[in-house]
Amino acid sequence: QVQLVESGGGLVQPGGSLRLSCTASGNIFVLDIVSWYRRAPGHVGDYRELLTVTQMNGGTNYADSVKGRFSVFKDNAKNTLYLQMNNLKPEDTAVYYCKADARETEAGAVEWRSLEVWGQGTLVTVSS
């Protein structure tokens, strides 16, 4: 089963920067699309704001709320995606999640199965 692990969250002052990582692991798999979401404190339910969508063999689209401040870098060899966050604002405080649309198979198998995987989240706090 494919798993995602995020890291890099923490406390940063307004105007500062952080870089989050999202690393995938598993047996035999391919990442097709990796997205970053966040859930701000105080939201009802499990609403998560979509921030970026990266085609692992293509480019990245950004939400207007982070365009120009956040950048995605990918290391396909390490199955890792980085979210570089600059000029952070207090309203960026949230738990950040990565999600992967992936395919996996088993040794000797013919068929691949599609799956959607979420990481556990990493907390980013922007405060002075």
Side-chain angles (χ1 to χ4, degrees):
Q1 183 77 14
V2 179
Q3 294 183 327
L4 296 179
V5 176
E6 300 106 333
S7 62
L11 174 64
V12 63
Q13 292 187 341
S17 298
L18 276 179
R19 186 174 71 174
L20 307 183
S21 300
C22 173
T23 299
S25 63
N27 191 11
I28 304 172
F29 67 95
V30 173
L31 298 177
D32 292 317
I33 300 171
V34 179
S35 305
W36 283 97
Y37 289 77
R38 67 185 177 191
R39 183 174 63 192
H43 273 282
V44 176
D46 195 31
Y47 171 74
R48 301 181 184 188
E49 178 189 4
L50 177 60
L51 304 176
T52 69
V53 178
T54 298
Q55 303 277 347
M56 294 305 286
N57 289 323
T60 298
N61 290 317
Y62 298 87
D64 288 343
S65 59
V66 302
K67 197 174 294 183
R69 299 189 300 124
F70 290 12
S71 299
V72 169
F73 302 94
K74 52 187 177 181
D75 186 336
N76 289 58
K78 295 182 179 180
N79 288 312
T80 297
L81 215 73
Y82 303 96
L83 180 65
Q84 177 66 42
M85 306 185 295
N86 299 326
N87 190 23
L88 284 162
K89 306 174 182 180
E91 52 264 41
D92 293 318
T93 295
V95 178
Y96 284 71
Y97 300 88
C98 61
K99 186 197 78 169
D101 296 299
R103 290 168 286 136
E104 66 176 6
T105 189
E106 299 171 358
V110 176
E111 294 183 352
W112 290 72
R113 52 182 174 269
S114 298
L115 64 160
E116 178 183 282
V117 185
W118 287 86
Q120 82 289 353
T122 185
L123 176 63
V124 172
T125 303
V126 184
S127 176
S128 55

With side-chain contact (heavy atoms from CB on, under 4.5 Å) as the test, pick out the partner of Leu31 among Gln55, Met56, Lys74. Met56
Between atom CG of Leu123 and atom CG of Leu11, what is the distance when rounded to the nearest 0.5 Å? 9.0 Å
Could you tell me whether a side-chain N or O of Lys99 sits under 3.5 Å from a main-chain N or O of Tyr37, the two making a donor and an acceptor? no
Identify the two heavy atoms, one from Pro14 and one from Ser127, that lie closest to each other, and give their separation to 0.1 Å. CD-C, 3.6 Å
Where do Ser25 and Phe29 come nearest, in terms of heavy atoms and distance? C-CE2, 3.7 Å
Decide yes or no for Asp92 and Met85: does some side-chain heavy atom of the first lie under 4.5 Å from some side-chain heavy atom of the second? no
Tyr47 versus Arg39, closest heavy-atom pair with distance: O-CG, 3.3 Å
Do other residues, nucleotides or ligands put more than 12 heavy atoms under 6.0 Å from the CD atom of Glu106? no
NZ or CZ of Arg48 within 45° of Trp118 ring axis and under 6.0 Å: yes
If only side-chain N and O atoms count, and only distance matters, is there a donor-acceptor pair under 3.5 Å linking Glu49 with Ser65? yes
Between Lys67 and Asp64, does any NZ, NE, NH1 or NH2 come within less than 4.0 Å of an OD or OE carboxylate oxygen? yes
Got a second to check how far Arg113's CZ is from Glu104's CD, nearest 0.5 Å? 4.0 Å
Shortest non-hydrogen contact from Val117 to Val2? CG1-O, 3.5 Å
Modelled atom types, side-chain donor and acceptor of Arg38 and Tyr96, under 3.5 Å: yes
Of all the heavy-atom pairs spanning Cys22 and Trp36, show the shortest one and how long it is. CB-CZ2, 3.5 Å
So with a 6.0 Å cut-off around CG of Asp32, is the heavy-atom count from everything else above 12? yes
For Gln84 and Ser17, run side chain to side chain contact (heavy atoms under 4.5 Å, CB included): C-alpha distance rounded to whole Å, both residues' side-chain angles, the deciding distance at 0.1 Å, then the answer. CA-CA 7 Å; Gln84 177 66 42; Ser17 298; 3.9 Å; yes
Check whether any side-chain N or O of Thr105 sits under 3.5 Å from a backbone N or O of Glu111 as a donor-acceptor pair, and report yes or no. yes
Does either side chain, that of Asp75 or that of Thr80, offer a donor lying less than 3.5 Å from an acceptor on the other one? no
Within the structure provided, determine whether Gln1 and Leu115 are in side-chain contact (heavy-atom separation under 4.5 Å). yes
Distance-minimising heavy-atom pair for Thr52 and Leu50: O-CD1, 3.6 Å
Which is it for Ser7 and Leu20 under the side chain to side chain contact (heavy atoms under 4.5 Å, CB included) test, yes or no, and what are the steps along the way? CA-CA 6 Å; Ser7 62; Leu20 307 183; over 6 Å; no
Side chain of Arg69, backbone of Asn87: donor and acceptor closer than 3.5 Å? yes
To the nearest 0.5 Å, what is the distance between CG on Leu81 and CG on Asn76? 8.5 Å
Name the residue from Val53, Val72, Thr54 that meets the side-chain contact (heavy atoms from CB on, under 4.5 Å) definition with Tyr62. Val72
Supply the atom-to-atom distance Tyr97 OH to Leu51 CG, rounded to the nearest 0.5 angstrom. 12.5 Å
I need the Leu83 CG to Phe70 CZ distance, nearest 0.5 Å. 6.0 Å
Under 3.5 Å donor-acceptor, Thr122 side chain and Gly9 backbone: yes
Any side-chain to backbone donor/acceptor pair from Thr93 onto Val126? Under 3.5 Å, distance only. yes
Output for pair (Leu4 CG, Gln120 CD), nearest 0.5 Å, gives 9.0 Å
